[in-house]
Protein chains: 2
Amino acid sequence: MDETASTEAPRPNLAAVAALAGVSASTASLAFSGAGPVSDATKAKVLAAAAQLNYAGPDPRGQSLRRGRSGIVGVVLEDSVSEAFRDPMNIATLDGISDAIGPSGSALLLLTDNAEGPSSFRSVPIDAVVLIGCSTRLADAVHVFAQRGVPIVGIETEPMPSVLAVDLDNRLASRRLAEHLRDLGHRDVTMVTLSLDAPHARGWATPEWEARSEGYTASQRIAGVRDVFPASSAFVSSASTVDEGYRAALEVLASSERPTAIVAQSDLLAVGVIRAAQELGLAVPNDLSVVGFDGVRLDGIAPIDLTTMVQPAFAKGRAAGEGVLALLAGEAPAGQLFDSEFHLGATTAPPQSARTAHH
Amino acid sequence: MDETASTEAPRPNLAAVAALAGVSASTASLAFSGAGPVSDATKAKVLAAAAQLNYAGPDPRGQSLRRGRSGIVGVVLEDSVSEAFRDPMNIATLDGISDAIGPSGSALLLLTDNAEGPSSFRSVPIDAVVLIGCSTRLADAVHVFAQRGVPIVGIETEPMPSVLAVDLDNRLASRRLAEHLRDLGHRDVTMVTLSLDAPHARGWATPEWEARSEGYTASQRIAGVRDVFPASSAFVSSASTVDEGYRAALEVLASSERPTAIVAQSDLLAVGVIRAAQELGLAVPNDLSVVGFDGVRLDGIAPIDLTTMVQPAFAKGRAAGEGVLALLAGEAPAGQLFDSEFHLGATTAPPQSARTAHH
DNA sequence: CGATTCGATCGAATCGTTTCGACTAAAGTA
DNA sequence: TACTTTAGTCGAAACGATTCGATCGAATCG
């Protein structure tokens, strides 16, 4: 085979392939895309020419410009990659999204919402975007996407126009947990919450702090507990991890008026809380009741049967993915609200006082 | 403000903005990109026109065609999203990549190598790609990327031309662990390995199976142990999880000739192995020595001080990311080989026989 | 005051593909 | 045989931006 004498080797073109095959560029395009009628003979010629020129197929950049679609769905996570994926709920959600949009041939673009580079939001060719539990401060990003006509799906994000909501009954579910504790006789309940803001500060919640909260989920869950225990205080953790739960509980349990129950806003936090309690010599649930949230499989983490609300994270992700597909198809799908299910575990019991009073 | 009378509202163009602002398209482009000299007055005019037309800035699709860069780096994971992210090493690696390429304004595109859709590999506009521990069967994908001139970095992938290698001393490190066991007096060692192939089969390794292994890392680690214990057998797990380690160990420890030590190819597997051993009434390390691999922080998982090789997963990711940047800059960076560090934990001890012989 | 530089702007070409409408020739129909 | 269908192919016009070289004043320098 004779090597083409051109000194440089510019990457071959669809036009070049077409020229070599002796057909027009449009026919060559048809040969590759399969849309439209092309005789087997010409298709073979085109493919042969492509092979000879070492052509790898139509350039996605040209395609996406012309077709107006890049085949990429953005996913905005609240934090850095490692922080976001430390939470099993996020992984399950992402898996659900991936599962839903995978068959359409789209891929997922990870966008992280750390302060440094909001630039990438503007400069990335995505067909749609899913916000996973993102804080309010994403409002401007949302605006940019909307301006551009990029469909937006928000999972547990503050309701916004032009954002298709996939939501969870956070407030109701938290109220349900609180009612469970109230029914057991608890009166003195403290929360350990998810992060309220981007800097991920840690400490006792103040009314001002709660008021300017950027964490929609956290706020909803606080509200649910307050529906039952209006005066309950909240310690804000900086992330949904076992370690953060542990740190939070050390502070909570060291405070002068120790609660009889702790409502942790995630199972990982709850595990940390339990660990701290045990370390302080408090038996769970006898000396302290603990509830979580999420229904994470704790198999690999701790042999604890946690009282918690089990939420369908994978299904939420799937719904978001399906929402994306529907929006891209030009439909106008309705938002979805998912329910969590109460799971009675072995980490809640009547408080000491109730039991002694009973005797 | 008067609404433009056009009945439809086609998304505005850079050209449209330029026209409204009374400048040429090239000047408008300059106004947005910041490259090239533009007077403050015209820039203001252009921005005002953009605001009036509700223009969100240059369309990334047009940009990427013209500039030849999309600002997207692909990451190919071996499995589905959830499977891949169950392994903390992958997360740490991904975090490292993200950390390295983030400042360049690039984002990460998740590509999963499940059988269904290899289509997305071909049709996605990426500037470079990182393969994370991918199996040999990706050879054709690699070929496509190479054809297209997409730089490729492979983390612990079988060496291939046109793939920049970021590797780990898997064989050496495994040998190191084996030597540790040998020095303690062990003679009878069994491995619990990572997956050898895509279907993720589980069971005792046979020579044929090992020969057609698609798992480069697993094979290297097997080889390292065999350097010391040539006859050691291996039980192949289907994933790097606690649960898989548990299942594998149940089989291994049920076999007629029970080993005195188990070399697990990951810390998660090791935790599962230990759990199984304890359940069978075997004390670790007295009745059974167990070593892992990775140096995962087990804080949240199990209170075990595991004897293991600590590998720099984040640094590996960073190196891969830097490799990508270098390749994109037209440089010819050298591959990197990372070392793991031996950590002596509390899960290894001389075997029973040696101890009784000593007395 | 003439020559030179420099800042600001514009035109035109280009990136690589898809797709719409038109055209040709062969095949089917009356 | 004349007419309609249809498969196969082609030309040309987008898609939306960037960038190179040229142009044209104004300002600086000797």
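Here is how names work: the chains are called A, B, and so on, in the same order as the sequence lines, proteins then strands, and each is numbered from 1.
Taking 4.0 Å as the cut-off between side-chain N and carboxylate O, A/Arg61 and B/Asp127 count as a salt-bridged pair. Look at B/Arg122 and B/Asp140 and you find no salt bridge, because none of the NZ, NE, NH1 or NH2 atoms lies under 4.0 Å from a carboxylate O.
With both pairing distances under 3.5 Å, D/dT5 is matched to C/dA26 as a Watson-Crick or G-U wobble pair. Taking a pair to require two hydrogen-bonding distances under 3.5 Å in either a Watson-Crick or a G-U wobble arrangement, D/dG16 pairs with C/dC15.
The structure places OG of B/Ser29 at 8.0 Å from CD of B/Gln63, a figure rounded to the nearest 0.5 Å. A distance of 11.0 Å separates CD in B/Gln336 from CG in B/Asp167, rounded to the nearest 0.5 Å.
Using a 4.0 Å heavy-atom criterion, one finds that B/Ser33 contacts no nucleic acid atom at all. Contacts of A/Tyr55 with the nucleic acid, taken as non-hydrogen atoms under 4.0 Å apart, involve only primed sugar atoms and P, OP1 or OP2. Residue contacts shown for A/Thr42 are limited to sugar-phosphate atoms, with no base heavy atom under 4.0 Å away. Across all strands shown, A/Ser29 has heavy atoms under 4.0 Å from base atoms, whether or not it also approaches the sugar-phosphate.
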Q. Going through the checks in order, is the side-chain contact (heavy atoms from CB on, under 4.5 Å) test met by A/Arg11 and A/Asp59?
A. CA-CA 10 Å; A/Arg11 218 154 288 289; A/Asp59 187 320; over 6 Å; no
Q: Could you please spell out the steps behind the side-chain contact (heavy atoms from CB on, under 4.5 Å) verdict for B/Met160 and B/Ile152?
A: CA-CA 10 Å; B/Met160 300 181 66; B/Ile152 311 170; over 6 Å; no
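Tested against A/Leu131 for a side-chain contact (heavy atoms from CB on, under 4.5 Å), the candidates A/Ile155, A/Val166, A/Val142 yield a single pass: A/Val142.
In summary, contact between chain B and DNA chain C, defined as any nucleotide atom under 4.0 Å from a heavy atom of the protein, begins and ends at C/dA8 to C/dG16 in the 5' to 3' direction.
Counting to the nearest Å, the C1' atom of D/dG16 and the CZ atom of B/Arg61 are 10 Å from each other. The separation between A/Arg69 atom CZ and D/dA14 atom P is 22 Å, rounded to whole Å. When rounded to the nearest whole Å, the span between CZ of B/Arg11 and C1' of D/dA17 equals 17 Å. Separating the CG atom of A/Leu30 from the P atom of D/dA12 is a distance of 18 Å, rounded to the nearest angstrom.
For the pair A/Gln63 and B/Pro37, nearest-nucleotide mapping onto DNA chain C gives the more 5' position to B/Pro37. The nearest heavy atom of DNA chain C to B/Ser26 and to A/Leu14 marks one nucleotide each, and the one closer to the 5' end goes with B/Ser26.
For a distance-only test at 3.5 Å, the side chain of A/Arg66 qualifies as a donor-acceptor partner of the base of D/dA14.
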